[in-house]
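I have placed the structure first, in the form of structure tokens, so that the comments after it can refer back to it.
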Amino acid sequence: MAQINPSILSADFARLAEEAEAVRGSDWLHVDVMDNHFVPNLTLGVPIVESLARATDTPLDCHLMIEDPDRWAPQYVEAGAGSVTFHVEAAAAPVRLAREIRAKGARASMALKPGTPIEPFEDLLPELDMLLIMTVEPGFGGQAFLDIMLPKIRRTRELIDKHGLELWLQVDGGVSAGTIERCAEAGADVFVAGSAVYGAEDPAEAVAKLRALADAATADAWWACAH
Ligand code: DX5
Ligand code: ZN
């Protein structure tokens with residue numbers, strides 16, 4: 001079944017616990033950490049992740065859009081994140097970092113910006129629990145989905161199948177009722193949605209609708225039929 005991860009970047013930061021509650025039943029809460037260096041925007045850090053982890057039963061999927069993830073990512077595991085994603089463009093030693101995240105007890109995930117190809121990282125995939133393909137330039141919610149990322153999603157799914165990996169393939173950026181089916185068809189199975197969830201009148205209903213669309217598209221997809 002498709003996993004839907006609402007991004008709290010589009011939520012009300014003064015009411016995070018209630019905003020988490022508003023999407024109860026989601027698989028994960030997606031938490032965007034930005035440092036105003038790796039991306040031109042600033043959001044939140046370890047103390048807020050710590051508080052949010054205590055305030056909700058939904059596991060936290062922390063997406064670190066920061067410089068020096070080698071230094072900071074382990075602290076997000078300690079803060080209570082169930083999954084920690086670092087950007088490969090920022091990591092000095094991605095394999096060592098993925099191993100450290102796993103050793104500390106979280107799922108290890110690596111993100112690629114739109115301009116970063118997947119092919120150089122084929123041998124590294126077994127070290128990961130999830131790969132995140134950005135479908136917008138990281139930094140802001142509410143941007144338009146980049147269709148030209150679909151072939152990269154497809155090629156990544158082929159690599160996952162080729163190596164027989166249990167690797168989740170996440171997409172983030174511009175995912176909505178209008179684009180989620182294309183992502184699922186191409187091979188994604190974890191979907192981040194910010195504005196499409198928190199911009200809706202009923203966020204929980206928006207999650208359910210996105211999940212239904214993704215599940216239906218997956219059922220007919222080339223990659224899921226082979227499984
Ligand atoms: C953007 C963030 C996303 C953002 C997505 O850099 O990584 O998680 O919240 O927002 P939407 O779904 O509105 O594109
Ligand atoms: Zn994100």
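Counting starts at 1 for both ligands and their atoms, following the listed order. As a basis for the values below, the full set of heavy atoms in this structure was taken, side chains included, without hydrogen atoms, waters or symmetry mates.
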List every atom of ligand 1 that sits less than 4.0 Å from any heavy atom of [X], numbering the atoms from 1 in the order shown and giving each element.
{"X": "M65", "result": "6 (O), 7 (O)"}
{"X": "G173", "result": "14 (O)"}
{"X": "D172", "result": "2 (C), 3 (C), 4 (C), 5 (C), 7 (O), 8 (O)"}
{"X": "P138", "result": "6 (O)"}
{"X": "V192", "result": "8 (O)"}
{"X": "H30", "result": "8 (O)"}

Got an N/O contact under 3.5 Å between [X] and ligand 1?
{"X": "G174", "value": "yes"}
{"X": "S7", "value": "yes"}
{"X": "G142", "value": "yes"}

Please state which part of A193 comes within less than 4.0 Å of ligand 1, counting heavy atoms only: side chain, backbone, both or neither.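 Looking at A193 and ligand 1, just backbone atoms fall under 4.0 Å.
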Just going by heavy-atom distances, which of G141, A196, G139 is nearest to atom 6 (O) of ligand 1?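 Minimum heavy-atom distance to atom 6 (O) of ligand 1 goes to G139.
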Could you please compute the angle at the Zn ion (ligand 2) from ND1 of H63 to OD1 of D32, rounded to 10°?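 Taking the Zn ion (ligand 2) as the apex, I get 90° for this pair.
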Roughly how far, to the nearest 0.5 Å, is CG of D61 from CG of N5?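 Here the rounded value is 5.0 Å.
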